[in-house]
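Atom set for the values below is all heavy atoms of this structure, side chains included, hydrogens, waters and symmetry mates excluded. We count residues from 1, following the sequence as given.
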Amino acid sequence: MKIGIIGTGNIGGTLARKLRAAGHDVRVANSRGVRGVTAFANEIGATPVDIRGAVEGVDLVVISIPFPVVGEFPKDLFDTVPQDVPVIDTGNYYPGLRDPQIPEIDAGMPHSAWVSKQIGRPVIKAFNNILAHSFAELGRPEGSPGRLAIAVSGDDVKSKQIAMDIVNETGFDPVDAGPLDESWRQQPGTPAYCCDYDAETTRKGLAAAVKGEAPKKVEHFIGLIRQRGLNMTHADMVATNRALNPLN
């Protein structure tokens with residue numbers, strides 16, 4: 001497939017690397033323009049482009065940038081992108097830590113529903129409930145015991161299946177998390193978020209989520225990060241997320 005990825009941070013960059021290694025035609029863009037992404041693109045064998053080049057003539061678009069930046073996209077960015085081209089949003093909203101307050105989300109709108117509104121087209125939510133280290137280092141072949149899972153939400157069956165196939169291809173078990181309106185179940189502060197669970201336990205986590213509880217748990221998590229700073233290891237992050245929402 002021809003895949004355009006906007007964002008080359010921890011998740012977007014790893015996704016670009018994995019998909020290029022799998023033989024896909026990958027285009028990468030970030031906020032610094034073509035020059036800013038050229039070195040990374042050359043390293044992994046991808047094509048450096050600007051954000052318009054990442055959405056033109058591709059079979060799949062991935063948005064993996066700091067959350068509020070989506071609102072700064074040109075309003076016509078997706079006007080010429082066919083409706084059957086899936087758009088995957090990997091983002092998470094962290095108010096008070098990295099992101100400014102977004103009233104619509106604070107009032108209960110799911111993160112990716114807000115993204116969909118900003119870009120004027122449906123999106124699929126995926127790759128947001130996996131830690132960067134886990135995504136880069138802990139992928140396993142299909143069928144491996146204990147393979148970690150990634151939740152996928154969305155309304156279009158075909159687009160969701162494409163996203164789930166990509167999840168599988170990058171080394172993780174895809175879990176259908178329902179329609180986009182239910183994507184709050186995989187957002188920060190929920191039982192299925194960044195806990196390094198397998199598919200069965202991820203499904204349990206999604207089912208155990210209680211609407212409206214996550215924001216307070218995110219505030220608590222942010223407080224822990226501020227206390228410990230950069231001293232939190234990957235294992236600490238997993239343990240903390242699990243402790244916020246124990247399943248047993």
Student: Are Asp165 and Val167 side-chain neighbours, meaning at least one heavy-atom pair lies under 4.5 Å?
Tutor: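 Side-chain contact under 4.5 Å: no.
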Student: Looking at Thr233 and Asp236, would you say the former's side chain and the latter's main chain have a donor-acceptor pair under 3.5 Å?
Tutor: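 Present.
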Student: Strictly distance-based, threshold 3.5 Å: is any side-chain N or O of Lys204 a donor or acceptor partner for the main-chain N or O of Pro191?
Tutor: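 Pair absent, no side-chain N/O of Lys204 close to backbone of Pro191.
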Student: Are side-chain heavy atoms of His111 and Trp184 found at a separation under 4.5 Å?
Tutor: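 With C-beta onward as the side chain, the pair stays apart.
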Student: Is there a chain of hydrophobic side chains (I, L, V, M, F, W, Y, each step under 4.5 Å between heavy atoms) that links Ile3 to Ile162?
Tutor: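 Shared cluster, yes.
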Student: Just checking, any donor-acceptor pair under 3.5 angstrom between side chains of Ser64 and Thr90?
Tutor: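 There is such a pair between these side chains.
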Student: What do you reckon, is CG of Asn10 surrounded by more than 12 foreign heavy atoms closer than 6.0 Å?
Tutor: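 No.
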Student: Test side chain to side chain contact (heavy atoms under 4.5 Å, CB included) on Leu180 and Val123 and set out the steps.
Tutor: CA-CA 8 Å; Leu180 195 66; Val123 301; 4.0 Å; yes
Student: What is the distance from atom OG1 of Thr8 to atom CG of Leu15, rounded to the nearest 0.5 Å?
Tutor: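 Thr8 atom OG1 to Leu15 atom CG measures 11.5 Å (nearest 0.5 Å).
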Student: Does the side chain of Phe221 reach to within under 4.5 Å of the side chain of Asn241, using non-hydrogen atoms?
Tutor: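 They are in contact (side-chain heavy atoms under 4.5 Å apart), so the answer is yes.
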Student: Begin from the C-alpha positions of Phe135 and Phe127 and carry the test ring-ring contact (aromatic ring centres under 6.0 Å, His included) through to its verdict.
Tutor: CA-CA 8 Å; Phe135 187 45; Phe127 299 104; 5.4 Å; yes
Student: Using the rule given for salt bridge (charged side-chain N to carboxylate O under 4.0 Å, His left out), can you reason through Arg27 versus Glu56, listing the C-alpha separation, both sets of side-chain angles and the distance that settles it, and then say yes or no?
Tutor: CA-CA 10 Å; Arg27 306 176 187 180; Glu56 294 173 355; over 6 Å; no
Student: Group every Ile, Leu, Val, Met, Phe, Trp and Tyr by side-chain heavy-atom contacts under 4.5 Å, then state whether Val62 and Val70 land in the same group.
Tutor: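 Val62 and Val70: separate clusters.
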Student: Indicate the atoms forming the closest heavy-atom contact of Pro110 with Ser183, along with that distance.
Tutor: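 Distance-wise, the nearest heavy atoms are CB-OG, 3.6 Å.
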Student: Strictly by modelled atom types, are Gln101 and Asp106 linked by a side-chain donor-acceptor pair under 3.5 Å?
Tutor: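 The criterion, which ignores hydrogens and geometry beyond distance, is satisfied for Asp106 and Gln101.
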Student: Nearest 0.5 Å, please: how far is CG in Leu77 from NZ in Lys75?
Tutor: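 Rounded to the nearest 0.5 Å, the NZ-CG separation comes out at 10.5 Å.
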Student: When rounded to the nearest 0.5 angstrom, what distance separates CD1 in Ile124 from CG in Leu60?
Tutor: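 Result: 10.0 Å between the selected atoms.
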Student: Quickly, which of Arg185, Arg203, Lys160 forms a salt bridge (charged side-chain N to carboxylate O under 4.0 Å, His left out) with Asp176? Name it, please.
Tutor: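 Among Arg185, Arg203, Lys160, the one that satisfies the salt bridge (charged side-chain N to carboxylate O under 4.0 Å, His left out) with Asp176 is Lys160.
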Student: Can you hop from Val238 to Leu138 via hydrophobic side chains spaced under 4.5 Å?
Tutor: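 They do not share one cluster, since no chain of ILVMFWY contacts under 4.5 Å joins Val238 to Leu138.
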Student: Tell me whether Asn129 contacts the main-chain N or O of Cys194 through its side chain, where contact means a donor paired with an acceptor under 3.5 Å.
Tutor: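 No, because the side chain of Asn129 does not come within donor-acceptor range (under 3.5 Å) of the backbone of Cys194.
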Student: State yes or no: do Val152 and Leu19 share one hydrophobic cluster built from I, L, V, M, F, W and Y residues joined by side-chain heavy-atom distances below 4.5 Å, directly or via other members?
Tutor: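 Shared cluster, yes.
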Student: Looking only at heavy atoms, what is the nearest atom pair of Asn168 and Pro174, with distance?
Tutor: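 Taking every non-hydrogen atom into account, CB-CD, 4.2 Å.
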Student: Does Val218 share a hydrophobic cluster with Met232, counting links as ILVMFWY side-chain heavy atoms below 4.5 Å and allowing steps through other members?
Tutor: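 Looking at the clustering, Met232 is in the same group as Val218.
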Student: Please walk me through it: do Ile63 and Ile119 pass side chain to side chain contact (heavy atoms under 4.5 Å, CB included)?
Tutor: CA-CA 11 Å; Ile63 300 174; Ile119 68 173; 4.2 Å; yes
Student: For His234, is the NE2 atom crowded, meaning more than 12 foreign heavy atoms sit under 6.0 Å from it?
Tutor: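 Yes, the 6.0 Å shell around NE2 holds more than 12 heavy atoms from other groups.
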Student: Are Asp198 and Leu148 close enough that some pair of their side-chain heavy atoms sits under 4.5 Å apart?
Tutor: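 They are not in side-chain contact.
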Student: Quick one: pull up CG in Asp59 and NE2 in His24 and give me the separation to the nearest 0.5 Å.
Tutor: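 Atom-to-atom, Asp59:CG and His24:NE2 are 10.0 Å apart.
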Student: Before accepting this row, confirm whether a basic side-chain N of the pair Lys18/Glu169 lies closer than 4.0 Å to the acidic partner's carboxylate O.
Tutor: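 Result for this pair is no, no salt bridge flagged.
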Student: Does any N or O in the side chain of Ser116 come within less than 3.5 Å of the main-chain N or O of Arg121, such that one atom is a donor and the other an acceptor?
Tutor: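 Yes, because the side chain of Ser116 sits within donor-acceptor range (under 3.5 Å) of the backbone of Arg121.
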Student: Is any side-chain heavy atom of Thr240 less than 4.5 Å from a side-chain heavy atom of Leu224?
Tutor: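 Heavy-atom side-chain distance check passes, below 4.5 Å.
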Student: Pick out which of Val69, Val28, Val55, Val37 makes a side chain to side chain contact (heavy atoms under 4.5 Å, CB included) with Ile6.
Tutor: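 Checked Val69, Val28, Val55, Val37 against Ile6; only one passes side chain to side chain contact (heavy atoms under 4.5 Å, CB included): Val55.
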Student: Quick one: closest heavy-atom pair of Ala214 and Pro188, and the distance?
Tutor: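 Shortest heavy-atom separation between Ala214 and Pro188 comes out as CB-O, 3.4 Å.
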Student: Any side-chain heavy atom of Phe78 sitting closer than 4.5 Å to one from Val85?
Tutor: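 No; the side chains remain at least 4.5 Å from each other.
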Student: In Å, rounded to the nearest 0.5 Å, how long is the span from OG of Ser159 to CE of Met164?
Tutor: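 CE of Met164 is found 13.0 Å from OG of Ser159.
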Student: How about Tyr93 and Trp114: are their ring centroids closer than 6.0 Å?
Tutor: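 Ring-ring flag for Tyr93/Trp114: false, centres at least 6.0 Å apart.
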Student: Check Pro122 against Gln83 and note the closest heavy-atom contact, atom names and distance.
Tutor: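 Closest approach of Pro122 to Gln83: CD-OE1, 4.1 Å.
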Student: Find the distance between CZ (Phe172) and OG1 (Thr170) and round it off to the nearest 0.5 Å.
Tutor: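 Result: 6.0 Å between the selected atoms.
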Student: Quick one: closest heavy-atom pair of Val49 and Val34, and the distance?
Tutor: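 Nearest pair, atom of Val49 first, then Val34: C-CG2, 3.6 Å.
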Student: Taking atom types as modelled and ignoring hydrogens, do the side chains of Gln186 and Asn128 form a donor-acceptor contact shorter than 3.5 angstrom?
Tutor: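 On atom types as modelled, these side chains qualify, holding a pair under 3.5 Å.
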Student: Applying salt bridge (charged side-chain N to carboxylate O under 4.0 Å, His left out), run through Arg52 and Asp76 and close with a yes or a no.
Tutor: CA-CA 10 Å; Arg52 292 192 182 277; Asp76 64 346; 2.8 Å; yes
Student: If you define the side chain from C-beta out and look only at heavy atoms, does anything of Phe73 sit under 4.5 Å from Ile65?
Tutor: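 Yes; the side chains approach each other to less than 4.5 Å.
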Student: Not counting sequence neighbours, list each pair that qualifies as a salt bridge (Lys or Arg N to Asp or Glu O under 4.0 Å) and has a residue in residues 124-148.
Tutor: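 Listed once each, the pairs are Asp89-Lys125, Arg147-Asp173.
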Student: Please give me the minimum heavy-atom distance between Pro246 and Ala243, naming the atom from each residue.
Tutor: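 Where Pro246 meets Ala243 most closely, the heavy atoms are CD-O, 3.3 Å.
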Student: With a 4.5 Å cut-off on side-chain heavy atoms, are Ile105 and Phe67 touching?
Tutor: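 Answer yes - side chains close enough.
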Student: Going through the distances and angles, do Thr47 and Val26 end up as a side chain to side chain contact (heavy atoms under 4.5 Å, CB included)?
Tutor: CA-CA 6 Å; Thr47 302; Val26 176; over 6 Å; no
Student: For Met1 and Asp25, run side chain to side chain contact (heavy atoms under 4.5 Å, CB included): C-alpha distance rounded to whole Å, both residues' side-chain angles, the deciding distance at 0.1 Å, then the answer.
Tutor: CA-CA 6 Å; Met1 282 197 298; Asp25 179 353; over 6 Å; no
